[in-house]
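To keep things clear, I will list the structure first and then write my remarks on it.
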Amino acid sequence: MRLILRNGFVYDPLNGINGEKMDICIENGKIVEDVKDAKVIDCSGKVVMPGGVEIHSHIAGGKVNTGRIMRPEDHLKNVMPKTRLTRAANGYSTPSTFLTGYLYAKLGYTTAFTAAMPPLMARHTHEELHDIPMLDKGALTLMGNNWFVMRYLKRGDVELAAAFAAWLLRAAKGYAIKVVNPGGGEAWGWGRDVRNLDDPVPHFDITPREIITGLTRVNEMLSLPHSIHLHANNLGRVGNYLTTLETMELANGTKPARERQVVQLTHVQFHSYGGDSWRTFASEAESIAKAVNSKDNVIVDVGQVVFGDTTTMTADGPMEYYLSSLTGLKWSNRNIELETSPGVTPFIYSKRSPVAAVQWAIGLELALHIKDPLKVLLTTDHPNGAPFFRYPTIIAWLMSSRYREETMKEVHGAAQRNTTLATIDREYDFYEIAAVTRAGQAKSLGLAEKGHLGAGADADVAVYDINPEEVDPSRDYKLVEERFSATSYTIKDGEIVVKDGEIVKVVNGRTLYVDAKVDSELERELERDLDYYFKRFYSVNLANYPVQEVYLTRPTPIEVKTNVR
Amino acid sequence: MPRYTDVICSFCGTLCDDIEVSVEDNRIVDVKHACRIGTAKFLSSNDLEHRLLKPMVRKNGKLVEVSLEEAIERAAEILKNAVKPLLYGWSSTCCEAQSVGIELAEELGGVIDATVTVCHGPSVLAVHDAGYPGCTLGEVKNRADLIIYWGSNPMHGHPRHLSRYSIFPRGYFRERGQSDRELIVIDVRKTDTAKIANKFVRVNYGEDYELISALRKVVNGGELREESVAGVPKEEIIALAEKMMNCQFGVLFFGMGLTQSYGRHRNIDNAICLVRDLNVHTKFVMQPMRGHYNVVGFSEVLGWQAGFPYAVDFGRGFAWYNPGETTANDVLQRGECDAALVIASDPVSHFPRKSVEHLAKIPLVAIDIHPTPTTQIADVVIPSAIAGIEAEGTAYRMDSVPLRLRKVKEPPEGVLSDEEIMRRLLAKVRGEAPKLEVEAR
Ligand code: SF4
Ligand SMILES: [Zn+2]
């Protein structure tokens, strides 16, 4: 299909295009310089951006489904009955796979990465990704509590650790190295946790610090498209910002193998807490932002809170248990042999709660205090801070200090007293919104063909019915919120899939995974270890572990040349 | 002679994946590592005399052989003409077939339910209420020093469960295997599993709930006033509770003895709370002993596609879930469904009489590998390949670990996999030409 998106206001930060009126040409699923005999879509008076890229969202796999099954009360709050084109779909904080695809497409998103895949359960994650329509997809793969990784790093064998990581990505059909509460997941196997970077992991005699620095080296040796994606220790604990600052220091001196950061610290809102008890709970967002501003190899994503009922789910088992013991709400957990320990528990962010009010403010403070919008990516850590379809509200908050003030009046006074939010005048413009919702994500993930509209990019585009010459987002924030909730057009691989906020075509996206090759002798050595360990300690045979390509929609391996030995 | 290793046994929820199978002239001639029942299942695929081989349609009161096309056509007609068809079974087939089944139920505005409804349905209800603290079975193997089976007799129902995952294997932190662990069995009678246990606790019939409550009381620091609860002496309860609190990693495996006895989902709810209480003191997890090899898979697929684990009514154009209303037996006993499709299951033998009476009254499509009382009363019978032996697909072990079933031999001539049958049926219902997918490999 050939298309011309005519005369829209284009926001394309990676190509430095800031609201210029121009045409975007599309042919064979790609952006091109010029196209003939094309269908013309009039975009005058509209905002045109690259398709949104979701970098951290729990949309598929075991714990997401545990959330769905555990919370029948969640589903009828949000129902989209079957139509001629679309499947019956439901779910609020834990939308079904179909609904996940439809809702992202309506928001103008065309790519999404699920945040935490346990390799043993990877087949499940991919079965769900298979059933998420409309999007290109990938999975961040859990390695921070993996026994192979911990043992290799402990004995200083970074090469073998790298060979293992490469093998694991191939076996699980994963895209990047995810680290969650390094060491804490293993400690949770005994009902324990680790509380600082130098707390030894029981029986493995390694520390979170060593795991993080080791996997950082592994990631750069393998020259992977994304950096390590790190959920730091002590998530959600009062006073945890010190751990976060210390964790950031671990990236010092490491040169990235590609044009990107060395570490993405994820959902930092949950890691920017000051005070010494829940009574003195306060924001340390400014300290965190200052550190991010001063470093050139660390970026963050926000993990913004929006008020309401949600379901928390992470691979951080001890944290989920701790949270459920605070709320007394139902709690699920599943320790996964040799790998990780996810947990799930519902949570309500109440406007009247001082803690929730401060959490809400912290996310916005981070986004507003960090100067370079390519270093602070918009996420809600769906569904942990809020369901992803609350993005339009967050966008409106970022673009309007007046809207923030209005909200501030409705929430507990702690947001005013214990954070700096009320003192910030900064308001994002459309260019910065494009940076924090797509450009920064694509850059961080190393997706050269996404997050921008230059020739050669994938023809994934979002058109929003906002005229930047007429709308003042600072004042018209409700309109901004509304128009970012449903695109005029979402274009995926050059095809119109959403028109005027309705799904008009259902498509299946690619599944992206990394295929990194290492030296074959190293590979043989690894195979011997795999053999030994699987026979003795896994409950499945090695031959039944790797995920077959048949599970993937449009399987797309990203071949990577590594520097391993 | 082709020899297959790492084959997965598609019989019980233990889903052993270390089976070796030798095949000669499309006959399985040798099965290694499987238990007695698993072996029997593999070998049964040779026995064509007891298989369904030809599609059949009831004409003038008698089932007569027809072409597959005609059987599918008739089945589609039955389902399309129904106002509220019931699609039931699913636990002994692969996720791919289940997935198409859900799409068909949605297309028809019907009710879909699986055997969960008559086994661990109460466990699921309890999860809605209290959550579910569990782990994968390899965690048990590597860490557990205290293993409890409650209302479950794996020696019979899940013969290799003990040797692969729980009491016998050596694990990373349990190098000496059995001697590093303790086995406790709680049941109403001394089962074969109880006979090999370090300790057997006999609980009065129907009083499991009381025993769980007494244990919780001790775990939470309370004092037992009664001299005995549920037939178990006070000292024994205290000793048991202390054992649970003082272990390093404990696991509670529970079976139908707990889910289907008096109290049902309340028993499980209470047991979940007990495990949660124990986590204040140590590491403790639980695991239902799921029977059919892919009953878990059904709940997973329905969960991600429709949000609910079983008993979903698509009559409103979206998923409506209300156990007690939308569960298969309730739909049947109210006489609400006007046609049914049963796949890989035999409700005529296992459902209450009242349900079966209605099933016998309405048009019925049955898909199965061998004749059953259900296929005998059906109006359309479609033979299928045995998933895990004659067809590939996905199944979820009792602990939700997903595995890819292997194909080791060809199905009988002209016989299709459940997945393929469901695809053709869906296409026919929609009036489309069937999309013939290449056999997945
Ligand atoms: S224990 Fe169950 S899965 Fe394993 S071989 Fe026996 S029947 Fe098959
Ligand atoms: Zn997350």
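Only this structure's heavy atoms are used, side chains among them; waters, hydrogens and symmetry mates stay out. Lettering of chains follows the sequences in order, A, B, ..., and the numbering in each one begins at 1. Fair warning: this is a prediction, and the values are worked out from it, not measured in the lab.
One side chain, Ser539(A) or Arg397(B), offers a donor N or O that lies under 3.5 Å from an acceptor on the other. In this structure, a donor-acceptor pair under 3.5 Å is absent between the side chains of Ser96(A) and Gln305(B).
Around atom NZ of Lys77(A), more than 12 heavy atoms belonging to other residues, nucleotides or ligands sit under 6.0 Å away.
Neither the backbone nor the side chain of Cys273(B) comes within contact range of chain A; no heavy atom of the residue lies under 4.5 Å from a heavy atom of that chain. Only the backbone of Ser325(A) comes within less than 4.5 Å of a heavy atom in chain B; its side chain stays farther off. With a threshold of 4.5 angstrom between heavy atoms, Val140(B) does not approach chain A through any atom at all.
Put simply, the residue from His124(A), Glu127(A), Arg68(A) that forms a side chain to side chain contact (heavy atoms under 4.5 Å, CB included) with Glu300(B) is His124(A).
No other option in Pro72(A), Gly191(A), Gly62(A) has as many heavy-atom pairs under 4.5 Å with chain B as Pro72(A).
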Inset, instruction - Walk me through it: do Trp304(B) and Phe98(A) pass the test ring pair (Phe, Tyr, Trp, His ring centres under 6.0 Å)? - result: CA-CA 8 Å; Trp304(B) 77 65; Phe98(A) 306 130; 9.4 Å; no
Inset, instruction - Kindly determine whether Ile336(A) and Val401(B) satisfy side-chain contact (heavy atoms from CB on, under 4.5 Å), including the steps that lead there. - result: CA-CA 9 Å; Ile336(A) 292 169; Val401(B) 170; over 6 Å; no
Legend entry - Verdict with reasoning, Arg143(B) to Glu186(A), per salt bridge (charged side-chain N to carboxylate O under 4.0 Å, His left out): CA-CA 12 Å; Arg143(B) 295 186 208 265; Glu186(A) 168 53 30; 2.9 Å; yes
Legend entry - From CA spacing to verdict: side-chain hydrogen bond (donor to acceptor under 3.5 Å, both in side chains), Asn544(A), Asp6(B): CA-CA 7 Å; Asn544(A) 288 321; Asp6(B) 310 293; 4.8 Å; no
Inset, instruction - Could you go through the side-chain contact (heavy atoms from CB on, under 4.5 Å) check for Val550(A) and Arg404(B) one step at a time? - result: CA-CA 10 Å; Val550(A) 65; Arg404(B) 181 144 189 92; 3.9 Å; yes
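When all heavy atoms of Arg334(A) and Asp399(B) are compared, the closest pair comes out as NE-O, 3.7 Å. Between Tyr551(A) and Thr394(B) the shortest heavy-atom distance is OH-OG1, 2.6 Å. Nearest approach of Phe249(B) to Gly189(A), heavy atoms of both residues: CD1-O, 3.2 Å. Scanning all heavy atoms of the two residues, the minimum distance from Gly307(B) to His75(A) falls at O-NE2, 2.8 Å. Residue Asn65(A) comes nearest to Ser299(B) through the heavy atom pair ND2-O, 4.4 Å, listed as atom of the first residue, atom of the second, then distance. Summarising the geometry of Glu139(B) relative to Leu338(A), their closest heavy-atom pair is OE2-N, 4.0 Å, with the distance given to 0.1 Å.
In this structure, the side chain of Glu106(B) does not engage the main chain of Arg87(A) through any donor-acceptor pair within 3.5 Å. A donor-acceptor pair is defined here as one N or O able to donate and one able to accept, closer than 3.5 Å; no such pair exists between the side chain of Lys330(A) and the backbone of Val127(B). A distance-only check finds a donor-acceptor pair linking the side chain of Thr136(B) to the backbone of Glu337(A) [under 3.5 Å].
Between Lys82(A) and Glu107(B), at least one side-chain nitrogen of the basic residue sits less than 4.0 Å from a carboxylate oxygen of the acidic one, meeting the salt-bridge criterion.
Here Tyr172(B) and Trp147(A) bring their ring centres to under 6.0 angstrom of each other.
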